[in-house]
Amino acid sequence: MDEPGPALRLLKRRLKQRICSSELRALPASPGRAEGPKIDWPGYPSASHVAAPKQGAGTLRPHPVLAPGSGSSQSLQLPSKDLEAEDDSTKLERPAKEHQELGGEAALSFVLLPAAPALWKLEGKRVLLFRPGSTLEPRSYDLHGGAMEVSPTGGPFTVVDRLLPMMRHAVLQAQSLCIWLHGRRGSGKSRLMWGSLQDTRLEHPGVAQVLADGLFHTLKELELLPIREGDDKVLVTLQFLKFGVETELCGDCLVGPDFDPHLKPREALLGNGFFMDGAPEREVRQLSELQLALQRGVDRLRQVGTFQSGTCRKEDAMAHGLCTFRIRRRVGSEVHTSTIHLLDLVGAQMSADAKTKKRTSQEDRTLKAMLRVVDALAEDPEYKFRDGHTAPRHIPHRDSKVTRLLRPCLGGSGRSVLLSFAEGHDAILAELELATRHEGMTSDGVQSCIFDRESKMKEIEDEVAALCRKLGIVQPQDMQLTMDASNEEVRLAELLQLRRRVLNFEDWRQIRQGGLSFHKKRNEGDKQTAAGRKSEAS
């Protein structure tokens, strides 16, 4: 029998090899690769499954959909043109039943797996994972969302029929929804999110384009179309940001492909999460306008971004993409705000040096921060110390810019939907563990985002008037606090500051003015990009 020393060394050597084989390194997303992903993931049928698009307004593209639990495929009609050019007979075909699986779940996970009967098995929403060459019992994972099988012979299964009802529910109920994709490089995440290109034109629409179509159909149901200039009933905006992997710098994809160090996240006036200061939202009034802006943002996301560092410009070739649709509706004196976030995380993979045969990993603060937030929210909210006392667990939302912007959907009042991609036993195991932790996150419960300016102002004015009568102050705006100020005076100063914030909060006129400056910034960004490329070439 071996001595304890050599046995421990052998065990450590085997564990080290196991750990090295499971480590990941962030690599650039490749939505525009000519060869496409290694697997035909859902939503992107092969050429034999897709009918050739016809010319003309209101053309519909049939996308084969493998219905859950059945072997037959059905066609999901998706409009590819402006809704105003369609007649009543060409409408977006919704799923046969409304999304009844939402319930009160604040987090749902969908795992997309290749067809491998010897590797995994699906029993309802339970996934059984087998280890090849092992007689051990399979690992079991129960998911509220479930797993989706990709079958090359039976046609791909699209996730559109799951995401469209969620988006429609978020718009009708004024809720926040975040759809984010996670997986290794080459799994087809970016192709699923942003669509595939063929000769610089959109060949197959992605999740972003489909949700944009569904968004305007929902507004049509609410009788909010057409949207006119300066409309006081509805305001639809788009924001498309990119975040560098190495530098975590932010860039506005609607302006240009480069990063801007001046874009920083700021906390909202009334504590409603964070916003990116310096990146205004662009107002869109038609579906065609939204589709063109989306395509422009995707093109800028695919390009290599540069930034100024001292007297030279440097590159950050890898970037995460975050697209945000925001819909504000006036219902009486209330403003109902719906937010749809689409996050495409850069793929993760490990590479080894050919000479040293050592695996190297690259720091990706955004990806690691997202996983840390999921892990922290999946734990007990109360941290227990050894001596028995407890304390609230820290949630690292401030570790990255993306987690700050997505804070309402990660443990807040919004909903989070994870689409994870895996191939091979180790990758499937890692994604199933992540999906389980994601669905186990604690949150404040899914709530509506409704802001009533009139009632809030009336409440503030009544309290200010009561304090002014008690303190004998005629003009409270001229009041100055001193070191010996009473609690009533401090409260009055806080109310005056809160009144200014309420007046400036969600001002549609300011939002539209910020969007008008978008065209000027875009032209300047194009000129700077062209000048930078020219100087580098020379």
Side-chain angles (χ1 to χ4, degrees), residues 57-58 79 81-88 90-92 164 167-177 208-240 252 254-255 268-270 272-273 275-276 279-297 323-342 448-457 501-522:
K81 297 295 181 181
D82 191 354
L83 287 175
E84 299 176 0
E86 298 179 356
D87 52 13
D88 295 336
T90 57
K91 294 182 178 180
L92 179 67
L164 275 175
M167 183 277 303
R168 182 173 180 272
H169 186 270
V171 174
L172 295 178
Q173 301 298 326
Q175 297 174 356
S176 297
L177 172 65
Q209 289 80 10
V210 174
L211 292 185
D213 293 338
L215 170 61
F216 271 80
H217 274 280
T218 305
L219 295 178
K220 187 176 182 180
E221 291 181 2
L222 296 173
E223 299 181 354
L224 296 175
L225 295 182
I227 303 177
R228 298 176 177 82
E229 184 177 359
D231 199 330
D232 60 346
K233 293 183 180 179
V234 61
L235 175 62
V236 182
T237 60
L238 170 68
Q239 190 179 53
F240 206 129
D252 193 344
L254 298 180
V255 175
L269 292 176
L270 298 180
N272 189 21
F275 69 98
M276 189 59 63
E281 304 175 20
R282 179 188 176 184
E283 181 185 9
V284 290
R285 297 190 291 270
Q286 296 180 357
L287 177 59
S288 58
E289 185 181 358
L290 178 57
Q291 296 286 16
L292 289 175
L294 270 176
Q295 188 58 44
R296 180 180 179 85
C323 178
T324 302
F325 306 129
R326 189 164 281 113
I327 305 95
R328 300 173 175 89
R329 299 182 289 119
R330 275 195 178 31
V331 181
S333 61
E334 299 177 345
V335 177
H336 294 210
T337 303
S338 306
T339 306
I340 312 295
H341 296 289
L342 303 178
S448 300
C449 182
I450 300 176
F451 177 67
D452 192 347
R453 193 189 309 273
E454 295 182 2
S455 62
K456 189 68 176 178
M457 287 296 299
R501 292 183 176 182
V502 171
L503 289 175
N504 297 328
F505 183 71
E506 292 292 334
D507 189 351
W508 291 14
R509 182 179 57 83
Q510 295 182 2
I511 296 174
R512 288 191 171 101
Q513 287 180 355
L516 290 176
S517 62
F518 156 79
H519 300 282
K520 181 178 179 181
K521 292 181 62 178
R522 184 182 66 179

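Residues forming a ring-ring contact (aromatic ring centres under 6.0 Å, His included) with Phe325 (at least two apart in sequence, or on another chain): none. Among residues two or more places apart in sequence or in another chain, the side-chain hydrogen bond (donor to acceptor under 3.5 Å, both in side chains) test is passed with Arg329 by none. Applying the salt bridge (charged side-chain N to carboxylate O under 4.0 Å, His left out) rule to Glu283 yields the partners Arg285, Arg512; only residues at least two apart in sequence or on another chain are considered. Here Val284 pairs with Val236, Glu289, Leu290 under the side chain to side chain contact (heavy atoms under 4.5 Å, CB included) rule; sequence neighbours left out. Every salt bridge (charged side-chain N to carboxylate O under 4.0 Å, His left out) that Arg509 has, sequence neighbours left out, goes to Asp507. Residues passing the ring-ring contact (aromatic ring centres under 6.0 Å, His included) test with Phe451, sequence neighbours excluded: Phe505.
Listed by first and then second residue, the side-chain hydrogen bond (donor to acceptor under 3.5 Å, both in side chains) pairs involving residues 331-341 are Thr324-His341, Arg326-Thr339, Ser333-Asp452, Glu334-His336 (not counting sequence neighbours).
Shown here for Ser448 and Gln173, the closest heavy-atom pair between the two residues is OG-O, 2.7 Å. Between Val502 and Met457, the shortest heavy-atom distance links the atoms CG1-SD, 3.6 Å. The heavy-atom pair separating Ala212 from Leu294 by the smallest distance is CB-CD1, 4.1 Å. When all heavy atoms are compared, the tightest approach of Pro226 to Asp231 is O-OD2, 4.2 Å.
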Report the C-alpha distance between Arg453 and Val335 in whole Å, list the side-chain angles of each, state the deciding distance to 0.1 Å, and finish with yes or no for side-chain contact (heavy atoms from CB on, under 4.5 Å).
CA-CA 8 Å; Arg453 193 189 309 273; Val335 177; 5.7 Å; no

Let's go through His217 and Leu287 carefully: what are the C-alpha distance in whole Å and the side-chain angles of both, what is the deciding distance for side-chain contact (heavy atoms from CB on, under 4.5 Å) to 0.1 Å, and is it a yes or a no?
CA-CA 10 Å; His217 274 280; Leu287 177 59; over 6 Å; no

Between Thr218 and Leu224, is the side-chain contact (heavy atoms from CB on, under 4.5 Å) condition met? List the steps.
CA-CA 9 Å; Thr218 305; Leu224 296 175; over 6 Å; no

Please evaluate residues Arg330 and Trp508 with respect to the criterion side-chain contact (heavy atoms from CB on, under 4.5 Å), reporting the C-alpha separation (whole Å), side-chain torsions for both, the decisive distance (0.1 Å), and the verdict.
CA-CA 11 Å; Arg330 275 195 178 31; Trp508 291 14; 3.4 Å; yes

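To the nearest 0.5 Å, the span separating CG on Leu238 from CG on Leu254 amounts to 5.5 Å. Taking CZ of Arg168 as the start and CG of Leu211 as the end, the distance is 14.0 Å to the nearest 0.5 Å. Remark: Arg296 CZ to Phe240 CZ distance equals 12.0 Å, nearest 0.5 Å.
Contact check for Leu177 versus His169: no side-chain heavy atoms found under the 4.5 Å cut-off. Residues Leu172 and Leu222 form a side-chain contact, since some pair of their non-hydrogen atoms from C-beta on lies under 4.5 Å apart. Taking the side chain as every heavy atom from C-beta outward, Gln291 and Asp213 approach each other to under 4.5 Å. Looking at heavy atoms from C-beta onward, Ile511 lies in side-chain contact with Glu506 at the 4.5 angstrom threshold.
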